[in-house]
Number of protein chains: 2
Amino acid sequence: MTGFPRKHFLEISIISYYAVVKRKTKTALVKLDIRAVAERARVSIATVSRTVNGIPSVGPDLAKRVWKAIEELDYYPNTQARGLVSGRSRLLGLVISEITNPFFPELIQGFEEIAVENGYEILIGSTNYDPKRMNLVIRRMLERKVEGVAVMTFGIEEPLLQQLAERRIPLTLIDFDLPSPLVSTLRVDYGAGIGQAVHHLAALGHRQITFISGSATLHSARARVDAFKIAAKEARFSPKDARIVEANHTIEGGMLAFERLQARGELATAIMCSNDMTAIGVLRSAFSIGLRVPRDLSIIGFDDIRFAQFTTPPLTTVQMSRVDLARTAFFALRDHGEIPLKATTPREYTIPTKLVVRQSTDVPRDSLKRN
Amino acid sequence: MTGFPRKHFLEISIISYYAVVKRKTKTALVKLDIRAVAERARVSIATVSRTVNGIPSVGPDLAKRVWKAIEELDYYPNTQARGLVSGRSRLLGLVISEITNPFFPELIQGFEEIAVENGYEILIGSTNYDPKRMNLVIRRMLERKVEGVAVMTFGIEEPLLQQLAERRIPLTLIDFDLPSPLVSTLRVDYGAGIGQAVHHLAALGHRQITFISGSATLHSARARVDAFKIAAKEARFSPKDARIVEANHTIEGGMLAFERLQARGELATAIMCSNDMTAIGVLRSAFSIGLRVPRDLSIIGFDDIRFAQFTTPPLTTVQMSRVDLARTAFFALRDHGEIPLKATTPREYTIPTKLVVRQSTDVPRDSLKRN
DNA sequence: ATGAAAGCGCTAACAG
DNA sequence: CTGTTAGCGCTTTCAT
């Protein structure tokens with residue numbers, strides 16, 4: 001009987017918005033608010049409120065009466081009223097690029113889970129890579145008085161966020177710095193996973209690797225390219241042997257990039273992709289011209305979306321945990337929000353990445369090791 | 001200047017929660033509510049409210065003053081307060097099975113789009129096929145005072161919905177009847193698409209088709225099986241030649257089902273799957289034992305998820321438009337909500353399906369037509 | 001056409 | 001410990 005402060009109410013039975021109550025000889029439809037509970041429990045509404053919020057100062061007998069009344073009436077509090085008076089909405093915003101990109105549903109799932117566990121609800125907004133939509137999305141969230149926003153899009157619009165940050169609302173960004181007290185950033189350690197990938201390929205005997213990047217306009221795509229460059233250099237690939245071409249993080253983009261490479265006779269023995277969708281496109285195009293993966297061509301993806309396990313062959317890829325991302329984003333937001341304006345919370349979190357070796361990589365096609 | 005009744009406010013600039021206002025000689029942080037706007041425009045708060053809500057009785061000059069003040073202050077209304085007093089939350093619930101099932105993101109996208117266009121926000125809840133979670137999900141939505149819930153899960157729990165329906169909240173279900181004034185149902189016309197698929201196969205010369213269904217506990221899975229049975233009968237397949245085996249709508253399930261079939265020597269020349277994920281699993285398993293699709297085996301999916309275009313070979317499948325589904329669900333909800341309790345809105349909508357022929361179907365492997 | 005005032009359902013001082 | 005009361009920011013009568 002300790003109350004469910006802001007948690008989801010009444011776990012057992014479904015609740016009626018209206019309760020049927022006998023009054024005199026007539027049956028009337030009565031609004032089911034805190035007052036109704038108070039009357040029935042013969043206490044003040046303040047006591048009901050305290051009970052519901054688990055404030056310890058309520059005497060055990062009264063509390064029992066209140067809970068009894070609550071159950072009998074199937075009462076549950078009105079979130080809007082709670083939010084209005086307390087100034088807290090228990091709402092968090094999650095901004096993503098587009099929900100049909102398989103990367104995001106897994107992120108959303110993780111975020112929703114942890115948020116709901118903690119009594120928050122989430123509002124999702126997709127930008128579809130359009131800065132104007134980003135603007136609108138954020139406005140919607142502001143109107144709903146979200147207590148924090150996680151901007152998990154691939155491309156981030158500096159000026160927009162700048163304004164958001166000035167609005168005194170906690171913000172969590174991915175791969176993007178914004179020096180402001182309520183902003184924290186999740187820094188993905190691209191270097192780790194991409195480094196492993198390059199070394200994996202080098203160890204296999206590959207002397208040339210082509211990296212198919214995402215759009216250079218996207219922050220996170222550039223970060224991956226940079227990580228690749230560094231890794232390639234460390235592994236002593238010359239720039240010529242570590243060519244970089246640009247695609248757009250879609251299957252079609254991957255197909256196109258591959259076909260262009262192939263048409264120009266520039267096919268390396270190994271291709272690394274900036275994300276799994278691109279890799280899937282490459283896989284598909286390679287297959288359609290009769291190349292066998294990994295015998296004729298090694299392919300590595302990035303993200304480790306669930307589907308990567310089910311390509312043919314299963315895709316070797318760099319894993320970045322969406323669940324980590326989601327949980328970290330949530331706690332970053334919450335920690336900046338719960339103790340408002342207390343500016344001691346860390347501003348930066350690192351998200352690890354690591355190579356997952358499956359079956360799309362092998363020794364190069366002309367390798368002596370094969371003989 | 002007609003007002004933005006409940007639409008997203010101030011489309012141009014990002015708004016400050018606090019506005020910096022000169023007062024006497026000091027710069028002060030002032031709360032930005034309707035009163036601030038009223039003061040600045042030298043009108044009453046009632047007038048501001050009317051202006052904002054586009055109520056025509058406001059004189060044009062006053063309206064202009066109000067809008068000017070609104071813009072200067074970057075004011076936007078507080079949704080919680082609005083909701084509290086008006087009893088409307090402009091929130092709609094969308095219950096799905098699980099967001100990582102590629103079927104749903106496309107549905108969500110459609111639903112979100114149309115909802116936002118109409119000034120609604122959506123709350124998403126995933127049941128993960130667990131009735132208990134369904135219960136919780138719905139409770140969350142009730143607490144937030146959603147104005148309607150679209151339950152688009154594959155499996156539907158009758159008693160739960162029954163209680164929901166009694167709660168006077170508009171409900172839209174998929175493939176599920178619930179005789180209640182505020183409940184509408186979207187009836188997917190499985191027969192059409194599945195019929196076309198069976199006939200397509202029959203016309204190609206297939207004499208045996210195996211149907212791999214989803215879990216029989218799911219309503220929508222059963223509906224697909226039933227449609228298949230009818231179509232097979234119409235096409236004069238004997239029950240023996242139109243075998244049905246059960247899987248679970250996942251890639252793994254499809255792989256398993258195929259392997260079982262293959263191990264028992266029960267492989268038909270054509271396999272129809274209850275959804276695309278299953279078909280992808282079958283495709284993958286078939287490939288791994290050296291079967292070529294469609295030469296050795298024809299495969300048809302269901303749903304037409306986006307990825308179906310990118311399998312190898314591209315998947316012939318029955319298309320059910322998620323956008324249709326989403327839009328229809330939205331309007332069904334809205335029409336039951338806007339004119340509260342007016343019970344003349346249609347209760348039933350049909351969602352069409354149709355076969356999309358791609359490259360995973362061909363004449364059977366032993367067909368004379370090939371020679 | 002405009003304003004004053006009464007709440008919406010709840011929380012949070014402030015009394016006792 | 002418990003109750004009374006004053007709003008949270010807004011919409012909506014009811015006057016004018």
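Order of the sequence lines sets the chain letters (A, B, ...), proteins ahead of strands, with each chain counted from 1.
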Q: For A:Arg327, look at atom CZ and say whether over 12 heavy atoms of other residues, nucleotides or ligands are found less than 6.0 Å away.
A: no
**Q.** Of the listed nucleotides C:dA1, D:dG9, D:dC10, the one nearest the side chain of B:Leu84
**A.** D:dG9
Q.
Any base atoms under 4.0 Å from B:Val48, or only sugar-phosphate, or nothing? Heavy atoms, all strands.
A. nothing
Q.
Between B:Ala81 and B:Pro56, which residue's closest nucleotide on DNA chain C lies nearer the 5′ terminus?
A. B:Pro56
Q | Nearest-nucleotide comparison on DNA chain D, the residue closer to the 5′ end among A:Pro60 and A:Ile45 | A | A:Pro60
Q) So does B:Lys31 get a side-chain nitrogen or oxygen closer than 4.0 Å to the phosphate oxygens (OP1/OP2) of D:dG9? A) yes
Q: Please determine, for the side chain of A:Ala46, which listed nucleotide (C:dA12, C:dG9, D:dG9) has the closest atom?
A: C:dA12
Q. Contact class for B:Thr47 vs. all strands (heavy atom < 4.0 Å): base, sugar-phosphate, or nothing?
A. sugar-phosphate
Q) Between A:Ile34 (CD1) and D:dT4 (P), how many Å, whole number? A) 14 Å
Q: Taking only the side-chain heavy atoms of B:Ser44 (C-beta and beyond), determine which of C:dA1, C:dC10, C:dG3 contains the nearest atom.
A: C:dG3
Q | A:Asn78 side-chain N/O to C:dC8 phosphate OP1/OP2 under 4.0 Å | A | no
Q.
Is there a side-chain contact between A:Tyr76 and the phosphate of C:dG9, meaning an N or O under 4.0 Å from OP1 or OP2?
A. no
Q: Choose from D:dG3, C:dG7, C:dC10 the nucleotide whose nearest atom is closest to any side-chain atom of A:Asp33.
A: C:dC10
Q) Can you tell if the side chain of A:Arg65 reaches within under 4.5 Å of the side chain of A:Thr51, non-hydrogen atoms only? A) no
Q: Using only heavy-atom distances, determine whether the side chains of A:Ser184 and A:Thr172 contain a donor-acceptor pair under 3.5 Å.
A: yes
Q) Has A:Arg82 got a side-chain N or O lying under 4.0 Å from the OP1 or OP2 atom of C:dC10? A) no
Q) At their closest point, which heavy atom of A:Gly125 faces which heavy atom of A:Val137, and how far apart are they? A) CA-CG1, 3.8 Å
Q.
Please tell me if B:Ser49 has a side-chain N or O lying less than 4.0 Å from either OP1 or OP2 of D:dT11.
A. yes
Q: Please tell me which of the listed nucleotides, D:dG9, C:dC10, D:dC14, lies nearest to the side chain of B:Arg35?
A: D:dG9
Q. So, A:Tyr349 versus A:Phe331, ring centres under 6.0 angstrom or not?
A. no
Q.
At 4.0 Å (heavy atoms only), tell me whether B:Leu62 reaches a base, stays on the sugar-phosphate, or touches nothing.
A. sugar-phosphate
